[in-house]
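Lettering follows sequence order; numbering is per chain, from 1.
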Amino acid sequence: MLDARYSFRTNTCGSLRAENNDDQVVLAGWVAKRRDHGGLIFCDLRDRSGIVQCVFDPDASGEAFVIAERMRPEWVMKLTGTVRPRPEGTVNPGMDTGAVEVLITSAEVLNTSETPPFEVEAGIDTDETTRMRYRYVDIRRPEVLAALQLRDRVTQRFRKSLEHRGFMEVETPILTKSTPEGARDFIVPSRMNPGKFYALPQSPQLFKQLLMVSGLERYYQIARCFRDEDLRADRQPEFTQVDIEMSFMEQDDVLQMMEEVMHEVMKEADVDLQVPLRRMPYSEAMDRFGCDRPDTRFGMELTCLTETFATSEFKVFASVLSSGGRIKGINAKGAGDWSRSKIDALNQLALDSGAKGLAWVAFPTEGDVRSPIAKFFTEAEMADLRDKMDVESGDLVLMVADAHDVANEVLGTLRLRMADELKIERTGFDALWVVDFPMFKYDADEERWTANHHPFTMPFAEQVDSLEDDPAAALSYSYDLIMNGLEIGGGTLRIHNADLQRRVLALLGHSAEDANEKFGFLLEALSLGAPPHGGIALGLDRLVMLLAGAQSIRDVIAFPKTSSGGDPLTGAPDTVSARQLREVHLKTD
RNA sequence: GGGGGUGUAGCUCAGUCUGGUUAGAGCGCUGGCCUGUCAAGCCAGAGGUCGCGGGUUCGAGCCCCGUCACUCCCGCCA
């Protein structure tokens, strides 16, 4: 909360109320608006706390009035005057300070300003690049300031809530070591070690595990993370995690702790998070929603139609079923009258998502069926389809026949697309845990197993012995926090046994030598008294974006980057001098 | 790396499909008038590399080719 301490002002603009009437005040701030009536000038003065109307009357001060005639938007002013009630009929109920005004007796120009590149007010529609180039002006606007203030409150609440629960804030290195797996690293050349590089951390993952081996037991950090990958509305090359790790715990402990903390944090945005949150196994999320971060605020769930078409004459269905695949579908209610071209676009989306095709049956009106494949269905199959999919007239049933996971993922994509196309309302607030992720997934391109979460994730105890026999079947102690279809955070229990960690690294294709070179320090630590531990990391930017109702994390970052990773304000990234390159032993082409 | 969208005054846009006089509007800005406005009002005015480069044409903001920037999505993001 901004106040007047440590400054030459006596009050902040936004704090003035009727009880300040007759107070002599000194204010400081920016000229938000000026309304010149010739013989009387109004000026809205803005500081971080808000806006108050100041009145310049030649009868009160001729000198101040002359200054007010010169004043322009965004000039920086020191104004002295008397708070008084506004005259009858001129109270502005739309302003927090609308009951009062300040009659100015003395004015000082602290600084002038060029005409700003865009208007400093709410609701402008200015191109983001221009706003970013003059971000310091943009931040004066109420919605940008409000987003940063919300971010501040959320961050402070995390600190308080975690501190109250015995968590210690520790900083970990920004200049660290590149590790395989995961995202592309940002690298920094080492001047003192020619040809060697630091990497910026993708997350403090390994350091927080080391801090558990250190015996800190409960750690947190508001940690900057760096990943050199392409940007999105919800992805920046540098972003902030609320990073948490704890020892001597089980999965339920971290989930419960997190629920309590999130309940407190979200109060800062007037959200009353209902806890405990429900927990949905990954397999259920995929089966019902085709997505590991399901938006459960609307239906259109995936329905299994394998039984319906178990003896189908339709060759596409029959061949998929004979090779162990599934037939699943969704019912897009209200799309029954869609044109062939719109459905063709869905088919293309299905193909792009990995399906071999999209089967569809439209029910435009009562008794009418439109479909290129319905002729292959028996009456019984059709009746069962209608029954299972709860078909009414006006519906469009989309079906995918493919391997189980492909059918799920494709329909999950189609489900979200149809929700957008049909403008299905997604109101309310919905949060859940998705748990029990598979340990590994197979990378067909590289022909190897990769870690689903990261290589330090603990497999289910009862599956440890059979890990190598059937990697695909192994599940892990893992959990993602999902809110309104956004991945807000995720974590795991960690492997704290060096031998098991070696086995997992081996399974991921790292030779013993390789593992020692890249992760030797971790393996060594695990052999020197590592306690059972686990944790979670929350995407602070995404959480605040969600709470602010913003469409992009750029809206909740003070100085964000464009989609090509540049900063229009400073011009970064930029070239460096030949000398700088020589010093770090680099040559460019 | 791929696909979609956008680029015209300080800002937001119209004009581009169908090439043709001096490229328009609103806001903002500048000047004047105005003592109760809060999107102040009225009058007047200034302000343009139509993203950039090339091509077609008698003539290009408009058509063609290339390119750049921003933005959304796919790939990528343990």
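Using cut-offs of 30° and 60° for the angle between ring planes, the A/Phe456 and A/His454 rings count as tilted.
Here B/C70 presents its C1' atom at 16 Å from CG of A/Leu569, a figure rounded to the nearest Å. Atom CZ in A/Arg34 sits roughly 16 Å away from atom C1' in B/A39 (whole-Å rounding). Atom pair A/Phe118:CZ and B/G10:C1' shows a separation of 11 Å (rounding to whole Å applied). If you measure from atom CG of A/Leu40 to atom C1' of B/C38, you get 12 Å, rounded to the nearest angstrom. A straight line from CZ of A/Arg542 to P of B/C77 spans 14 Å, rounded to a whole angstrom. Taking atom CZ of residue A/Arg133 and atom C1' of nucleotide B/A69, one finds them 13 Å apart after rounding to whole Å. Per the geometry, CD1 belonging to A/Ile124 stands 10 Å off C1' belonging to B/U12, to the nearest Å. Between the P atom of B/C34 and the CZ atom of A/Phe65 lies a distance of 10 Å, rounded to the nearest Å.
At most 12 non-hydrogen atoms from other residues, nucleotides or ligands lie less than 6.0 angstrom from CD of A/Glu114.
The pair A/Glu229-A/Arg235 does not count as a salt bridge, with every side-chain nitrogen at least 4.0 angstrom from each carboxylate oxygen.
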Tabulate below the donor-acceptor pairs under 3.5 Å that side-chain atoms of residues 95-105 of chain A make, not counting sequence neighbours, or state none.
{"from": "A/Thr97", "atom 1": "OG1", "to": "A/Ile51", "atom 2": "O", "distance (Å)": "2.7"}
{"from": "A/Glu101", "atom 1": "OE1", "to": "A/Gln53", "atom 2": "NE2", "distance (Å)": "3.2"}
{"from": "A/Glu101", "atom 1": "OE2", "to": "A/Arg84", "atom 2": "NE", "distance (Å)": "3.0"}
{"from": "A/Glu101", "atom 1": "OE2", "to": "A/Arg84", "atom 2": "NH2", "distance (Å)": "3.1"}
{"from": "A/Thr105", "atom 1": "OG1", "to": "A/Thr80", "atom 2": "O", "distance (Å)": "3.2"}

Result block: side-chain N/O donor-acceptor pairs under 3.5 angstrom for residues 507-521 of chain A, not counting sequence neighbours:
{"from": "A/His510", "atom 1": "ND1", "to": "A/Asp514", "atom 2": "OD2", "distance (Å)": "2.8"}
{"from": "A/His510", "atom 1": "NE2", "to": "A/Glu181", "atom 2": "OE2", "distance (Å)": "2.9"}
{"from": "A/Ser511", "atom 1": "OG", "to": "A/Asp514", "atom 2": "N", "distance (Å)": "3.0"}
{"from": "A/Asn516", "atom 1": "ND2", "to": "A/Ala512", "atom 2": "O", "distance (Å)": "3.4"}

What are the atom names and distances for every N/O pair under 3.5 Å that joins the protein to nucleotides 45-47 of chain B?
none

Provide a list of protein-nucleic acid N or O atom pairs under 3.5 angstrom, restricted to nucleotides 29-31 of chain B.
{"from": "B/U30", "atom 1": "OP1", "to": "A/Arg72", "atom 2": "NE", "distance (Å)": "2.7"}
{"from": "B/G31", "atom 1": "OP2", "to": "A/Arg72", "atom 2": "NH2", "distance (Å)": "2.9"}

Give every pair of a protein N or O atom and an N or O atom of nucleotides 13-17 of chain B that lie under 3.5 Å apart, one pair per line with the distance.
none

Interface polar pairs with nucleotides 23-27 of chain B, N/O, under 3.5 angstrom:
{"from": "B/C27", "atom 1": "O2'", "to": "A/Glu119", "atom 2": "OE1", "distance (Å)": "3.0"}
{"from": "B/C27", "atom 1": "O2'", "to": "A/Glu119", "atom 2": "OE2", "distance (Å)": "3.4"}

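If you check every strand for non-hydrogen atoms under 4.0 Å, A/Thr450 touches nothing. No contact: A/Arg131 has no heavy atom under 4.0 Å from any strand. Base contact: A/Ser563 has a heavy atom under 4.0 Å from a base atom.
A donor atom on one side chain and an acceptor atom on the other are found under 3.5 Å apart for A/Gln348 and A/Asp352.
In the region residues 228-241 of chain A, proximity to RNA chain B at under 4.0 angstrom, judged on heavy atoms, holds for A/Glu229, A/Asp230, A/Arg232, A/Ala233, A/Arg235. Contacts with RNA chain B (heavy atom under 4.0 Å) in residues 485-502 of chain A: none are found. Less than 4.0 Å separates RNA chain B from at least one heavy atom of each of the following residues of residues 199-208 of chain A: A/Ser203, A/Gln205.
In terms of phosphate contacts, A/Thr562 brings a side-chain nitrogen or oxygen within less than 4.0 Å of OP1 or OP2 of B/C70.
The backbone N or O of A/Ser478 sits nowhere less than 3.5 Å from a side-chain atom of A/Thr492 that would complete a donor-acceptor pair.
For A/Thr129, the side chain to side chain contact (heavy atoms under 4.5 Å, CB included) partners two or more places apart in sequence, or in a different chain, are A/Asp127, A/Pro568. Residues forming a ring-ring contact (aromatic ring centres under 6.0 Å, His included) with A/Phe226 (at least two apart in sequence, or on another chain): none. A/Arg17 meets the salt bridge (Lys or Arg N to Asp or Glu O under 4.0 Å) test with no other residue; sequence neighbours excluded.
The only member of A/Gln241, A/Gln202, A/Glu238 that meets side chain to side chain contact (heavy atoms under 4.5 Å, CB included) when paired with A/Cys225 is A/Gln241.
An aromatic stacking contact links A/Phe42 with the base of B/U37, defined here by ring centres under 5.5 Å apart and ring planes under 30° from parallel. Stacking here means ring centres nearer than 5.5 Å and ring planes tilted less than 30 degrees, and by that measure A/His37 does not stack onto B/G36.
Here A/Phe437 contributes atom CZ and A/Met286 contributes atom CE; the two are 9.5 Å apart, rounded to the nearest 0.5 Å.
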